[in-house]
Amino acid sequence: MIEFVSPATGEVLTEQADKLISKSGASFPIINSIPRFVPVENYASAFGYQWKKYAKTQLDTANGYSISKDRLNFCLGYSVEQLT
C-alpha cells in the first residue's frame, strides 16, 4: 500500500479498519477502498461547481479542436472512421 500522510501535519497515516489515522489522532475515512481527505460534501459541491463551469471545456465541437478524436485514433491504432 502507498504510504499516506496527513495533509495537515505531514504525519504518516496507518490503516485501522476503515480509516487512516495519524499518531496525533487525525482520522480520514476509507470509502470503497479510497481514502478521503476532504469531507464528502466539500468534494461533491466542488465537483458540481467545476462540472457546470467547465461543462464544454473538453468538447471538441465547443472548443474547435479535435483532441478527443485524435486521442481515440491514437488509442485504437487506426482512424475512428474505420469503425463503421
Side-chain angles (χ1 to χ4, degrees):
M1 182 168 127
I2 297 171
E3 186 174 87
F4 290 101
V5 296
S6 167
T9 65
E11 294 176 287
V12 173
L13 300 171
T14 57
E15 187 173 353
Q16 296 179 15
D18 58 350
K19 295 179 182 174
L20 292 175
I21 301 176
S22 72
K23 287 184 181 181
S24 64
S27 177
F28 305 93
I30 300 172
I31 302 170
N32 295 325
S33 302
I34 301 171
R36 308 296 174 138
F37 296 99
V38 296
V40 172
E41 58 275 3
N42 284 0
Y43 173 80
S45 64
F47 180 82
Y49 169 76
Q50 290 180 21
W51 185 263
K52 289 177 185 173
K53 182 171 181 168
Y54 302 106
K56 295 185 178 184
T57 298
Q58 292 185 331
L59 294 179
D60 289 351
T61 56
N63 64 34
Y65 296 104
S66 62
I67 296 168
S68 297
K69 183 178 177 182
D70 295 344
R71 173 70 181 190
L72 182 56
N73 289 338
F74 176 79
C75 290
L76 289 171
Y78 52 86
S79 174
V80 69
E81 284 81 11
Q82 291 176 284
L83 290 173
T84 56

**Report entry** side chain to side chain contact (heavy atoms under 4.5 Å, CB included) against Val12, all qualifying residues, sequence neighbours excluded
**Finding:** Glu3, Val5
Query raised in the report: What residue pairs, at least two apart or across chains, pass side chain to side chain donor-acceptor pair (under 3.5 Å) with a residue in residues 26-35?
Result: none
**Report entry** side-chain hydrogen bond (donor to acceptor under 3.5 Å, both in side chains) against Lys69, all qualifying residues, sequence neighbours excluded
**Finding:** Glu81
Requested in this report: Using side-chain hydrogen bond (donor to acceptor under 3.5 Å, both in side chains) as the criterion, list what pairs up with Ser22, not counting sequence neighbours.
Outcome: Glu11, Ser24
**Report entry** Distance in Å, Ile21 CD1 paired with Leu13 CG, rounded so as to fall on 0.5 Å steps
**Finding:** 9.0 Å
Query raised in the report: Would Val38 end up clustered with Trp51 when hydrophobic side chains under 4.5 Å apart are linked, directly or stepwise?
Result: yes
Requested in this report: Using side chain to side chain contact (heavy atoms under 4.5 Å, CB included) as the criterion, list what pairs up with Tyr54, not counting sequence neighbours.
Outcome: Gln50, Thr57
Query raised in the report: Which residues pass the side-chain hydrogen bond (donor to acceptor under 3.5 Å, both in side chains) test with Asn73, sequence neighbours left out?
Result: none
Query raised in the report: Are any non-hydrogen side-chain atoms of Ile30 and Phe4 less than 4.5 angstrom apart?
Result: no
Requested in this report: Only pairs at least two apart or in different chains count here, so list each salt bridge (Lys or Arg N to Asp or Glu O under 4.0 Å) that has a residue in residues 51-61.
Outcome: none
**Report entry** Pairwise salt bridge (Lys or Arg N to Asp or Glu O under 4.0 Å) hits with a residue in residues 27-37, at least two apart
**Finding:** none
Report summary line: Apart from Ile67 itself, members of its ILVMFWY cluster (side-chain separation under 4.5 Å) are Tyr65
**Report entry** Side-chain cluster (under 4.5 Å, hydrophobic types only) that Tyr78 belongs to, other residues
**Finding:** Leu72, Leu76, Val80, Leu83
